[in-house]
There are 2 protein chains.
Amino acid sequence: MKITRETDYAIRCILHMAQETEKLHMITDIAKKQDMPKSFVAKILQKLAKAKIVSSTRGVNGGFALRKTPSEITLLHVIEAVQGPIFINSCMVDNKRCSRRSLCSVHPVWIEIRNILIDKLKKYDFQFFCKKTG
Amino acid sequence: MKITRETDYAIRCILHMAQETEKLHMITDIAKKQDMPKSFVAKILQKLAKAKIVSSTRGVNGGFALRKTPSEITLLHVIEAVQGPIFINSCMVDNKRCSRRSLCSVHPVWIEIRNILIDKLKKYDFQFFCKKTG
DNA sequence: TTAAACAGGATAAAATTACTCCTAAATGAA
DNA sequence: TTCATTTAGGAGTAATTTTATCCTGTTTAA
């Protein structure tokens, strides 16, 4: 697993919205204030919406807001929403990648590491991050 | 951190050479038997040689061999030899990536996860993998 | 009806990954 | 010495993934 810029942006989006949970936040606003490209942020917020992490409202005065409290949103949620399932070796996801799976003595290590990562990422929620920020 | 195909190949190289530690293994042989592109394997073995994981001998009857016993070579060694230092977010390596570092409440988590990964990868050596393979 | 805001598909640019190729250097043997 | 064999290393190419951008459509409040 590698944290891409897209995921970094997603985290910033959540962090931004967590500061005012009641308000509807517009793409333009979030992008400008967090220094991210607007059209890319639009795509990312779509993904977060599909993952039910944020709600979206169309039309005049529309925007985005967290659908859960910051304490209910974990790093794992956000990463999986934008990147898909966690893994460190694509052989775990893509069967074509490694035909040797059944013979491969290293494979169980990738699985173990994935599980450790998932566990860890689950433990950090956005209330925790906001405390430290503000 | 993501395990690239290059690293997968590097691991196969070590695994292959660990089967006959006394012998000098030629690029062509390793590549053919482990089903990897020869010229790419050549580059990977160069990296492993620079990292002092394998020794190389030029000329007729030349080839590669492990420079240490399988038990002394860890997953971490091999991964770092081909991919460089372990990280999951490039903000930890590339200063340009995130100007917000000092403000960023998530950054310590990336550090923590990196340390966990390093610890884990250190614990698996190639004697362990060979036992299971054959 | 209109302007403001998100939805979604297509596509383009940039970066990284996954290679290949070519020439040079080393080495052992004829 | 010379030649075939083997790695060294630089440069370049192809494929894939990441990082966007743009355009058209839909929703909504005024």
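Chain identifiers are assigned alphabetically (A, B, ...) following the order of the sequence lines, protein sequences preceding nucleic acid strands; residue numbering begins at 1 within each chain. Atoms considered below: every heavy atom in the structure, side chains included; atoms not considered: hydrogens, waters and symmetry mates.
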Engineer: Round to the nearest Å and state the distance from B:Gln83 atom CD to C:dA18 atom C1'.
Structural biologist: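 These atoms are roughly 13 Å apart.
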Engineer: Given atom CD1 of B:Ile27 and atom C1' of D:dT5, what is their separation to the nearest angstrom?
Structural biologist: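 Those two atoms, CD1 and C1', are 12 Å apart.
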Engineer: Reading DNA chain D from 5' onward, which residue's closest nucleotide shows up sooner: B:Lys38 or A:Lys2?
Structural biologist: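 Upstream on the strand: B:Lys38.
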Engineer: For A:Asp8 and D:dT18, give me the distance from atom CG to atom C1', rounded to whole Å.
Structural biologist: 13 Å
Engineer: For A:Lys32 and C:dA5, give me the distance from atom NZ to atom P, rounded to whole Å.
Structural biologist: 11 Å
Engineer: Should the pair B:Phe129 and B:Tyr124 be assigned to parallel (<30°), tilted (30 to 60°) or perpendicular (>60°) ring geometry?
Structural biologist: parallel
Engineer: How long is the line joining CD1 of A:Ile3 and P of D:dT19, in whole Å?
Structural biologist: 11 Å
Engineer: For the side chain of B:Asn61, counting heavy atoms from C-beta on, which of C:dG28, C:dC6, C:dC19 is nearest?
Structural biologist: C:dG28
Engineer: Just to be sure I understand the rule, does B:Ser56 reach a base, reach only the sugar-phosphate, or reach nothing, if contact means heavy atoms closer than 4.0 Å?
Structural biologist: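 Contact class for B:Ser56: sugar-phosphate only.
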Engineer: With a 3.5 Å cut-off and just heavy-atom distances, do the side chain of A:Lys50 and the base of C:dG8 make a donor-acceptor pair?
Structural biologist: no
Engineer: Looking at D:dT19, does its base get a donor-acceptor pair with the side chain of A:Arg5 below 3.5 Å?
Structural biologist: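 When only heavy-atom distances are counted, A:Arg5 does not reach the base of D:dT19 through any donor-acceptor pair under 3.5 Å.
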Engineer: Below the 4.0 Å mark, does D:dT17 have OP1 or OP2 next to a side-chain nitrogen or oxygen of A:Thr4?
Structural biologist: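 Checking D:dT17 against A:Thr4, no side-chain N or O comes under 4.0 Å of OP1 or OP2.
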Engineer: From CE of B:Met26 over to P of D:dA4, roughly how many Å is that when rounded to an integer?
Structural biologist: 17 Å
Engineer: Base, sugar-phosphate alone, or nothing: which one does B:Gly59 contact when heavy atoms must sit under 4.0 Å apart?
Structural biologist: base
Engineer: Among all residues two or more places apart in sequence or in another chain, which pass the salt bridge (Lys or Arg N to Asp or Glu O under 4.0 Å) test with A:Asp119?
Structural biologist: none
Engineer: Taking side chain as C-beta onward, heavy atoms only, is A:Ser55 less than 4.5 Å from A:Phe64?
Structural biologist: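 When only atoms from C-beta onward are counted, A:Phe64 and A:Ser55 do not touch, as no gap falls below 4.5 Å.
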Engineer: Which nucleotide, C:dT20, D:dT21, D:dA29, lies nearest any side-chain atom of B:Phe40?
Structural biologist: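 Between C:dT20, D:dT21, D:dA29, the one nearest the side chain of B:Phe40 would be C:dT20.
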Engineer: Within this structure, what is the NZ-to-C1' distance between B:Lys47 and D:dG9, rounded to whole angstrom?
Structural biologist: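 It is 13 Å, rounded to the nearest whole Å.
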Engineer: Can you identify which nucleotide, out of D:dT7, C:dT20, C:dG9, has its nearest atom closest to the B:Phe64 side chain?
Structural biologist: D:dT7
Engineer: From the options C:dA10, C:dT20, C:dA18, select the nucleotide whose nearest atom is closest to the side chain of B:Glu6.
Structural biologist: C:dA18
Engineer: Given that A:Thr57 and A:Ser39 both sit by DNA chain D, which one's nearest nucleotide is further toward the 5' end?
Structural biologist: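 Closer to the 5' end of DNA chain D: A:Ser39.
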Engineer: Assign A:Leu45 to base, sugar-phosphate, or nothing according to its heavy-atom contacts below 4.0 angstrom with the strands shown.
Structural biologist: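 The answer is nothing, as A:Leu45 stays clear of every strand by at least 4.0 Å.
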Engineer: If you check every side-chain atom of A:Arg58, which of D:dG10, D:dT5, D:dT26 has the closest atom?
Structural biologist: D:dT26
Engineer: Does B:Ile88 share a hydrophobic cluster with A:Ile118, counting links as ILVMFWY side-chain heavy atoms below 4.5 Å and allowing steps through other members?
Structural biologist: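 Same cluster: B:Ile88 reaches A:Ile118 through Ile, Leu, Val, Met, Phe, Trp or Tyr contacts under 4.5 Å.
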Engineer: With a 4.0 Å cut-off on heavy atoms, is A:Thr28 in touch with a base, just the backbone sugar-phosphate, or nothing at all?
Structural biologist: nothing
Engineer: Starting at atom CD of A:Gln46, determine the distance to atom P of D:dC23, rounded to an integer number of angstrom.
Structural biologist: 17 Å
Engineer: Taking only residues two or more places apart in sequence or in another chain, which ones pass salt bridge (Lys or Arg N to Asp or Glu O under 4.0 Å) with B:Lys23?
Structural biologist: B:Glu20
Engineer: Are the side chain of B:Glu80 and the backbone N or O of B:Leu75 linked by a donor-acceptor pair below 3.5 Å?
Structural biologist: no
Engineer: With a 4.0 Å cutoff (strictly under), does any side-chain N or O of B:Tyr9 reach OP1 or OP2 of C:dC19?
Structural biologist: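 Yes, within the criterion.
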